[in-house]
Asker: 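Before I ask anything, let me first share the structure, which is written out below as structure tokens.
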Amino acid sequence: MKAVCWEGKKNVRVEEVPDPKILNTQDVILRVTSTAICGSDLHLYNGFVPGMERGDVVGHEFMGEVMEVGPAVRNLKTGDRVVVPFPIACGECAMCRQDLFSVCENSNPNGWMAEKLWGHSPAGIFGYSHLLGGFAGGQAEYVRVPFADVGPIKVPDGMPDEQALFLSDIFPTGYMGADMCNIKPGDVIAVWGAGPVGLFAMASAYLLGAERVIAIDRFPYRLQMARERARVWETINYEEASVLERLNELTGGRGPDACIDAVGMEAHGPTAMYAYDRAKQALMLETDRPIALREAVQACRNGGTVSVIGVYGGFIDKFPMGSLMNRSLTIRTGQCHVQRYMRPLLERIQRGEIDPSFVITHRLRLEDAPRGYDMFLHKRDNCEKVVLTT
Amino acid sequence: MTTATHRTDPGGTSQGLFEDPERVARGLGWFSIGLGLAELGAPRGLARMIGVNDDDDNRNTLFALGLREIASGVAVLARPRSALPMWNRVGGDIMDLALLGRALRADSSERNRVAAATAAVIGVTVLDALTAQKLHAGTRDGADGKPHGGIHVTRAITLTRPREEVYWFWHDFENLPRFMEHLESVRVLDQNRSHWTARAPAGTTVEWDAEITDDRPNELIAWRSLPGADVSNMGSVRFLDAPGGGTEVRVELRYDPPGGKMAAAIAKLFGEEPSLQLSSDLRRFKQVMELGEVVRSDATVTHGPHPARPPELDEIPDAPRAIEQEALEGAIR
Ligand SMILES: NC(=O)c1ccc[n+]([C@@H]2O[C@H](COP(=O)([O-])OP(=O)(O)OC[C@H]3O[C@@H](n4cnc5c(N)ncnc54)[C@H](O)[C@@H]3O)[C@@H](O)[C@H]2O)c1
Ligand SMILES: [Zn+2]
Ligand SMILES: [Zn+2]
């Protein structure tokens with residue numbers, strides 16, 4: 001089959017690889033119909049995720065049709081159309097039983113690697129390094145899906161791929177970002193990053209009852225999408241204005257009730273801090289550039305919540321712990337527990353409360369994935385979200 | 001999960017940050033490889049980053065330094081318990097400092113950036129030197145940091161299954177090869193005795209008979225090898241109710257590699273890090289108890305390293321058979 005393979009920094013190629021096989025009794029094999037490129041894939045692409053090897057098949061946002069069913073699968077059969085959550089979760093361990101699926105204790109066969117870096121291991125993830133399991137990803141014609149009774153959900157007849165696909169990751173991720181803010185009526189929420197994840201965080205903040213949402217980014221077309229598609233109240237271009245001053249103005253000096261970091265470890269910035277972080281990262285004295293995160297902490301109102309859905313890999317410098325501690329802030333974070341949100345969000349789509357396909361700007365063939373990565377990375381051609389079809 | 005590895009080390013005293021110099025050494029090894037790769041792959045970017053002029057001279061220097069960094073990183077990772085590669089790193093650091101010193105004086109460089117890079121390298125040099133010193137102290141009386149006097153590992157894991165079930169599963173020693181990677185088979189001989197076969201390097205095996213030395217239902221099982229074993233060893237496993245439900249399993253293993261050829265084979269067999277082996281075994285044990293089978297990924301199902309892409313059928317050791325068998329057992333369960 002054809003699959004998108006990681007071949008080193010800024011180098012992905014579509015290659016011919018063996019077809020996936022049933023390796024565990026609860027596996028199914030899918031024929032992938034639609035898959036997407038995620039901001040998390042850009043961290044792999046740029047070489048910031050440890051534990052990648054040449055030839056790894058990438059991709060963790062995908063859906064398709066069941067072709068083959070393992071002997072212990074009960075809920076799915078050949079021909080079912082499903083969308084698959086990106087964290088692999090067993091459904092039986094103590095974490096899964098508490099709905100903390102992205103920290104499943106059983107789904108990372110390379111847990112020892114993650115334990116070395118992070119103390120304990122989170123769940124395995126499709127196409128996301130050997131550190132997180134060494135599972136082949138879904139930017140491919142076919143993919144193996146473990147724990148088929150736990151993760152995948154059936155897509156209702158008549159719902160197009162483009163409406164269902166983002167249940168695999170970015171819609172639940174943005175939603176969890178807002179969910180972790182504990183939104184109450186009257187709340188003002190600021191979101192750093194108007195990428196697809198940020199847009200879903202903004203839209204979800206409104207779904208959860210926020211009064212005003214403020215979007216922060218530097219690309220005018222992305223801020224425009226935030227205004228038009230996620231209907232945010234205000235936008236801030238951080239290259240044109242001081243974010244902290246602007247936020248204080250917009251919130252009567254209090255600061256936003258909650259701040260969402262939808263940027264992650266490759267944040268960019270116009271300031272000297274950016275040069276400092278780039279240099280430290282280049283010298284490998286710091287793995288992540290926490291520019292948006294630092295700002296989110298400083299900006300948040302006293303007693304507010306900082307919700308971190310941007311992905312971080314290792315260590316950061318100059319974290320404003322004093323601000324967090326002295327002002328009683330709460331920080332919440334995690335890879336999304338997608339399995340927890342899929343059904344309720346599917347229902348919201350069915351009720352017409354949201355149509356997730358609003359983020360899509362580019363539709364390409366799987367073969368064109370390398371072009372898609374390049375375009376998405378450089379935000380060329382007003383690229384917001386790339387969907388690949390087979 | 002918690003872990004501890006103790007080696008009988010009469011001379012060793014640990015202190016502060018360098019409690020585990022081996023781990024620091026490994027970290028520095030990876031740091032070297034990463035920095036080396038950056039120097040090789042993006043000498044231009046790096047030159048700009050640290051503030052030296054991006055000319056052919058400097059780029060070639062960075063390329064050479066990159067090769068040296070990678071070589072030194074690999075050396076440290078290959079022998080993380082040995083002080084020698086670490087001292088080599090210190091030598092390399094001093095070379096970097098000399099070069100940066102030159103750059104600091106050159107007119108074409110950006111002083112601030114070079115100064116920042118210099119400060120960073122000084123920091124790394126100090127860390128390298130301290131680690132080397134600590135490793136040196138720790139291995140004074142052992143050749144190359146090899147454990148002298150046996151291996152002792154403990155490791156714990158928590159399962160959602162009830163204590164009785166976990167105890168009885170372990171009690172049938174013939175189940176152990178399902179999750180203990182290096183065990184080929186265990187045959188129960190009678191109520192107390194069993195025969196164990198373990199895989200050793202180069203397709204060979206080591207064997208021993210073991211006897212149960214203590215057995216308290218739902219609480220504890222202890223065993224040890226009988227005289228004449230290829231490798232003498234003992235082990236125990238404790239089962240405790242976990243607070244909030246489930247079972248805590250605490251395993252303790254002791255190996256006494258005999259001298260000569262066998263000692264080398266055993267050291268290899270149980271790896272550089274016996275605690276890592278036990279930890280992975282217990283991870284699989286948990287999977288077998290909670291899910292009925294060991295979780296496989298495309299990269300871990302094959303013997304030896306494999307990229308995260310579907311393996312060819314002949315790369316999967318007896319997978320189809322294993323799946324049928326486990327499906328059968330699952331149905332019985
Ligand atoms: N937690 C999860 O489960 C999860 C799931 C999916 C994605 N993610 C992460 O979410 C993040 C965003 O993903 P995406 O797909 O939207 O990526 P993206 O690259 O499209 O979006 C990132 C956006 O952040 C903006 N940005 C950069 N620096 C900034 C700064 N200092 N202030 C404000 N904005 C800044 C960029 O201009 C860009 O528009 C990534 O880190 C990704 O890994 C997390
Ligand atoms: Zn994603
Ligand atoms: Zn689980």
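Below, chains carry the letters A, B, ... as their sequence lines are ordered, and counting in each starts from 1. What's counted below: heavy atoms across the whole structure, side chains too, no hydrogens, waters or symmetry copies.
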Asker: Give the C-alpha distance, both sets of side-chain angles, the deciding distance and a yes or no for salt bridge (Lys or Arg N to Asp or Glu O under 4.0 Å) between A:D277 and A:R294.
Answerer: CA-CA 12 Å; A:D277 285 309; A:R294 287 191 195 110; 2.8 Å; yes

Asker: Check this for me, if you would: do A:D149 and A:R74 make a salt bridge, where the nitrogen-to-carboxylate-oxygen distance has to be below 4.0 angstrom?
Answerer: no

Asker: Need one label for A:P20: side chain, backbone, both or neither, based on atoms under 4.5 Å from any heavy atom in chain B.
Answerer: both

Asker: Select one option (side chain, backbone, both, neither) describing which atoms of A:E105 are under 4.5 Å from chain B's heavy atoms.
Answerer: both

Asker: Contact part of A:M1 toward chain B, heavy-atom cut-off under 4.5 Å: side chain, backbone, both or neither?
Answerer: side chain

Asker: Mind running side chain to side chain contact (heavy atoms under 4.5 Å, CB included) on A:E266 and A:F48 for me, showing each step along the way?
Answerer: CA-CA 9 Å; A:E266 289 185 71; A:F48 284 103; 3.2 Å; yes

Asker: Give a yes or no on whether the ring-centroid distance for A:Y128 and A:F135 is below 6.0 angstrom.
Answerer: no

Asker: Report the option among A:E15, A:E92, A:K21, A:M52 that has the most heavy-atom pairs separated by less than 4.5 Å from atoms of chain B.
Answerer: A:K21

Asker: Side chains of B:V294 and B:R178: closer than 4.5 Å at any heavy-atom pair?
Answerer: no

Asker: Only pairs of heavy atoms separated by less than 4.5 Å count here; which of A:P146, A:G8, A:G111, A:C90 has the most with chain B?
Answerer: A:G111

Asker: Based on non-hydrogen pairs under 4.5 Å, which of A:W112, A:Y276, A:F147 is most in contact with chain B?
Answerer: A:W112

Asker: Relative to the ring of A:F126, is the ring of A:F62 parallel (under 30°), tilted (30 to 60°) or perpendicular (over 60°)?
Answerer: perpendicular

Asker: Under a 4.5 Å heavy-atom cut-off, does chain B meet the side chain of A:E53, its backbone, both or neither?
Answerer: side chain

Asker: Measuring heavy-atom distances to chain B, does A:R54 have an atom under 4.5 Å in its side chain, in its backbone, in both, or in neither?
Answerer: backbone

Asker: Which region of A:A3, side chain (C-beta onward) or backbone (N, CA, C, O), has a non-hydrogen atom less than 4.5 Å from a non-hydrogen atom of chain B, or is it both or neither?
Answerer: neither

Asker: Within a radius of less than 6.0 Å around CZ of B:R250, do more than 12 heavy atoms belonging to other residues, nucleotides or ligands occur?
Answerer: no

Asker: Go through the atoms of A:Y142 and report whether side chain, backbone, both or neither lie under 4.5 Å from a heavy atom of chain B.
Answerer: neither

